[in-house]
Chemist: 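First, the structure itself, so that you have it in front of you.
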Amino acid sequence: MNANRVAIVSEGRSYSYAELDAASRRVAGALLSGRDDLGQARVAFLVRPGFEYVAVQRGIWRAGGVAVPLAASHPPPELAYVVRDAGAAVVAGEPATVSTLEPIAKAAGASFATTDRLLSHAAEPSLPHLGATRPAMIIYTSGTTARPKGVVTTHANIGAQIAALVEAWEWSPADRLLLALPLHHVHGIINGLGSALAVTATCEMLSSFDAAVVWNRFASGEVTVFTAVPTMYRRLISAWEAASAAEQQVWSEGARGLRLMMSGSAALPVQTLERWRDITGHTLLERYGMTEIGMALSNPLRGERRPGTVGMPLPGVEVRLVDESGVPVAPGGTGEVEVRGPGVFLEYWQRPDETRSAFRDGWFRTGDMAVVEHGSYRLLGRTAVDIIKTGGFKVSALEIEEVLREHPAIAECAVIGIADQEWGERVATALELASGETLSLDALQEWAKARLAPYKVPRALVTVNALPRNAMGKVVKPEVAALFRE
Ligand code: MCA
Ligand code: AMP
């Protein structure tokens, strides 16, 4: 490897692979502070996307720790939950996060370190040997349980997830990825950062997504690969439509020069795919994955990409469709997607029962329904109504309901996802209010923002005298959804 190659570009600076190696070594040394091995201690870290994020992530790995990325958009209660649930020994954050993170670390019995301190460590550490089967990362994902679960992946899992993408999408050292995704989820961490660095390509990182910035980077002619969620493509399309004719031309021309543009994390509306093709000439490569498995299905790099479908299994990944009792469906039949392969996660952190029930005969049960049409998988939705995908983020209706029930004016509530052009789904809630109470959407949002990540905050509200319930007293979610169509 040529150590002088550019690994990361962030905030207008380029960092070579040698600089990344040295910085991550310093971080590892600081975390070890004389020990031989962190021995899988969890290190939670809150660093904006950029060089320091990567140095800290890799420093944790090199010291033998388990990296637990935290999200900058999350309010303190959500950060505290992750730190506590992961049993973090250390919480690391940028200097600007001290006032938020130090008390959280303290309350959880963890030590706190600023990234400045980690990155300026001087002593040369001796680094532990890491077996591939050791846990490397915990990513929190919302599911059918109220609180998010930690998805544990090993170094081998991560390696396998990335290897499949490098092969299928022909990543090469000549690539330059433009990365505008958050780095507390698989899309940004594995498909983006991990793949680029695995082949010694360059990863250009934006600290947040801004449509005009992304367009201008396309126009530079330097970028070769881009991957994003459908909401980002919608925003890029809106920005293009609002731009001057001259800008449109420069942006479109720049975009045309990329080698690969991908979409995933949520269904890509065919309309978005078609509009993007009109504007850039690219047929977005849509693929399907999940935090627990990395990527499983992908449209081809070469060959026909079928709009509205997510393609075929990636190299090394086995995929099948089964009926309710786990029996594979006949060709052309509809079934639940099950996945097997070296990229599939180790376990839900400290949740053995949930880990067990997530598998059937060694296959991971995704909860997504699909059918194979003309040799390409088409997703048909999820088996669980309580999972919502908004802006590419997976959120649990049950988790939001639990938080909303703490509001003094709310007697009972039901949360659902309602279809939305821009966000895929938007979080909506129907409320039964306590007697004599009123509650506006603005007031509810203000209250919820302090407790929930922005993408979990309800964007629509109706109040009802009584939520629609079945004979057993259970809220009927499809009828709740109907309230928003009225
Ligand atoms: C933010 N807002 C929202 C949502 N998110 N409103 C409704 N629904 C939402 N989901 C609000 C903000 O609070 C703000 O409101 C206003 O929208 C504009 O905020 P802005 O900052 O412009 O938006 P944003 O916060 O930047 O969000 C847009 C985004 C973001 C950049 C598209 O959603 C995003 O980064 N999505 C990527 C998610 C992702 O990486 N998923 C991968 C999961 P106000 O102005 O009132 O405050 S991994 C995965 O799914 C698997 C493995 C896979 O297959 O990839
Ligand atoms: P997460 O658990 O946040 O990793 O989200 C994984 C879920 O996102 C999957 O179970 C799917 O429901 C959804 N998903 C990912 N990619 C796609 C796609 N291309 N089309 C439709 N849904 C997708």
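Each ligand, and each atom within it, is numbered from 1 in the order the structure gives. Nothing here was measured: the structure is a model prediction, and the numbers come from that model.
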Chemist: Between Tyr53 (side chain only) and Leu183 (backbone N and O only), is there a donor and an acceptor less than 3.5 Å apart?
Modeler: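 Confirmed, Tyr53 side chain pairs with Leu183 backbone.
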
Chemist: Quick one: does Arg235 get within less than 4.0 Å of ligand 1, heavy atoms only?
Modeler: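 For ligand 1, residue contact (heavy atoms, under 4.0 Å) with Arg235 is present.
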
Chemist: Test your reading of the structure: does Thr366 have an N or O sitting under 3.5 Å from an N or O of ligand 2?
Modeler: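 There is no such contact.
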
Chemist: Any N or O of Thr291 that comes nearer than 3.5 Å to an N or O of ligand 1?
Modeler: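 No; every N/O pair is 3.5 Å or more apart.
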
Chemist: Considering distance alone, does some N or O of Ser263 sit under 3.5 Å from an N or O of ligand 2?
Modeler: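 Among all N and O atoms of Ser263, none is under 3.5 Å from an N or O of ligand 2.
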
Chemist: If you count the atoms of ligand 2 from 1 in the order shown, which ones are under 4.0 Å from a heavy atom of Ala267?
Modeler: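 It comes down to these atoms of ligand 2: 20 (N), 21 (C), 22 (N).
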
Chemist: Only heavy atoms of Lys394, strictly under 4.0 Å: list the atoms of ligand 2 that pass.
Modeler: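 Listed by number with element, the hits are 1 (P), 2 (O), 3 (O), 5 (O).
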
Chemist: From atom 1 (C) of ligand 1, work out which of Phe393, Phe209, Trp423 has a heavy atom at the shortest distance.
Modeler: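 The residue whose heavy atom sits nearest atom 1 (C) of ligand 1 is Trp423.
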
Chemist: Once you restrict to heavy atoms under 4.0 Å, what part of Thr291 touches ligand 2? Side chain, backbone, both or neither.
Modeler: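 Within the 4.0 Å criterion, Thr291 contacts ligand 2 through backbone and side-chain atoms alike.
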
Chemist: Run down the list Gly264, Pro230, Gly289 and name the one with the heavy atom closest to atom 15 (C) of ligand 2.
Modeler: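 Among Gly264, Pro230, Gly289, the closest heavy atom to atom 15 (C) of ligand 2 comes from Gly289.
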
Chemist: Checking contacts here: is it the side chain or the backbone of His185 that comes within 4.0 Å of ligand 2, counting heavy atoms only? Could be both or neither.
Modeler: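 Under 4.0 Å from ligand 2, His185 contributes no heavy atoms.
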
Chemist: So between Gly392, Pro182, Ala266, whose heavy atom ends up nearest atom 40 (O) of ligand 1?
Modeler: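 Selected option, by shortest heavy-atom distance: Pro182.
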
